[in-house]
There are 2 protein chains.
Amino acid sequence: MSRAPLTDPEHAPVSDSAAGDTERALAHAAEHCEAHGARFTKARRRVLALLLAQQQPLTAYQLLDLLREHQPGAQPPTVYRALDFLMRNELVHRIESTNSYLPCNHQHCGHHPARDAHWPQFLLCDSCGETREVPLDGALRQALTLQARDYGFEVGARPLELHGLCAACRKA
Amino acid sequence: MSRAPLTDPEHAPVSDSAAGDTERALAHAAEHCEAHGARFTKARRRVLALLLAQQQPLTAYQLLDLLREHQPGAQPPTVYRALDFLMRNELVHRIESTNSYLPCNHQHCGHHPARDAHWPQFLLCDSCGETREVPLDGALRQALTLQARDYGFEVGARPLELHGLCAACRKA
DNA sequence: GCCTAATATGTTATAACATATCAATTCATT
DNA sequence: AATGAATTGATATGTTATAACATATTAGGC
């Protein structure tokens with residue numbers, strides 16, 4: 001897999017609005033953890049901040065490389081533990097088809113008041129790598145559930161990963 | 001991941017009907033390859049036979065262990081090359097969420113006259129591990145396509161992996 | 001039949017992704 | 001401060017997959 005170049009939020013120049021978004025997302029994460037009695041430690045915050053600074057999902061080892069710029073002794077378990085914590089707390093998603101991780105955008109899940117319970121869906125562009133998290137709409141959800149029922153199967157709310165072409169890449 | 005015990009088609013006793021199914025599937029594969037100018041070699045046949053003898057998907061290294069019973073020098077590339085070939089020729093599928101491989105059942109794809117082009121779907125039981133390949137029905141297919149279109153996204157015909165509970169495990 | 005180009009396989013090594021284990025530290029609570 | 005639970009550090013290892021290069025096999029033209 002070839003992947004795009006990466007950004008370090010504490011070293012690279014970022015737009016004010018992007019930095020503001022990151023701050024807001026970190027503040028939201030801190031609140032969310034507090035509310036659930038989970039400890040949003042420095043290590044966990046740092047990993048989430050690195051993910052938030054990217055336009056694309058990162059693999060665990062890309063994240064590790066970035067982390068080592070601040071924390072040279074970081075090892076794989078450092079990253080994987082932080083990712084496990086963040087995933088358990090619905091702050092990060094894992095994309096199985098690309099072994100990569102990205103921040104939850106909170107559009108699909110319980111953190112967002114207007115949405116049903118967690119059932120995120122990802123649109124993955126096979127051309128540019130864009131990975132977009134969108135809510136699973138009712139019609140699709142129902143179609144999934146019904147088709148599964150034809151086979152006596154009850155589907156769980158695992159993220160769907162839909163590969164294809166994003167709007168920009170379709171034009172080009 | 002814990003996995004069920006495995007079967008070696010050339011050593012273990014199997015029912016006549018299962019053996020017959022395997023033979024038919026191998027014959028079908030041979031024809032299919034012939035028709036496409038692809039070489040269905042001994043190595044490839046052996047790997048497909050091992051997969052056909054299982055009730056469940058296998059990982060590449062489980063397959064390697066089985067392969068080594070006949071072919072002690074087999075190495076990872078032996079298995080991965082055979083799997084690549086079999087996947088390119090639509091004879092085997094890879095399940096991304098479990099890093100495992102299983103034979104195509106030909107119910108969903110061009111090999112089967114009554115079906116549309118390749119768009120398999122898998123129902124994966126998180127309790128017993130059953131992995132069932134079923135055709136993606138029209139309603140679900142349309143719902144997927146339409147929802148993606150809302151985001152300017154064009155979905156490709158990649159297999160869907162739906163996790164949940166099979167009928168037997170729901171009862172229990 | 002023989003040559004040759006293409007395809008497939010053997011072999012070694014390594015890349016890429018992830019977890020087990022145990023010791024040391026930190027933290028919240030008493 | 002003492003305790004127990006959660007977290008982190010550190011080392012090693014497990015698991016999944018591919019790169020790179022040598023050798024063997026095969027199909028097709030001569």
Under 4.0 Å between a Lys/Arg side-chain N and an Asp/Glu carboxylate O for B:Arg45 and B:Glu23? yes
Respond yes when some side-chain nitrogen or oxygen of B:Tyr61 is under 4.0 Å from OP1 or OP2 of D:dT16, and no when none is. no
Can you find a side chain N or O atom of A:Arg81 that sits less than 4.0 Å from OP1 or OP2 on D:dG9? no
Output the residues of residues 36-44 of chain A in contact with DNA chain D, where contact means a heavy atom of the residue under 4.0 Å from an atom of the strand; sort by number or write none. A:Arg39, A:Thr41, A:Ala43, A:Arg44
How many whole angstroms separate atom OH of A:Tyr80 from atom P of D:dT13? 19 Å
Answer with yes or no whether B:Arg88 presents, from its side chain, a donor or acceptor under 3.5 Å of a partner atom in the base of C:dT7. no
For B:Arg45 and C:dT9, give me the distance from atom CZ to atom C1', rounded to whole Å. 19 Å
Here the ring-ring contact (aromatic ring centres under 6.0 Å, His included) pairs for residues 36-65 of chain A, sequence neighbours left out, are A:His32-A:His36
Heavy atoms of other groups near B:Gln142 CD, more than 12 under 6.0 Å: no
I need the CD-P distance between A:Gln62 and C:dA15, as an integer number of Å. 16 Å
What nucleic acid atoms does B:Gln71 come within less than 4.0 Å of, heavy atoms only: base, sugar-phosphate, or nothing? sugar-phosphate
Please table the atom pairs, donor to acceptor, closer than 3.5 Å between any side-chain atom in residues 73-85 of chain B and protein atoms at least two apart or in another chain.
{"from": "B:Gln75", "atom 1": "NE2", "to": "B:Gly73", "atom 2": "O", "distance (Å)": "3.2"}
{"from": "B:Thr78", "atom 1": "OG1", "to": "B:Gln75", "atom 2": "N", "distance (Å)": "3.1"}
{"from": "B:Thr78", "atom 1": "OG1", "to": "B:Gln75", "atom 2": "O", "distance (Å)": "3.0"}

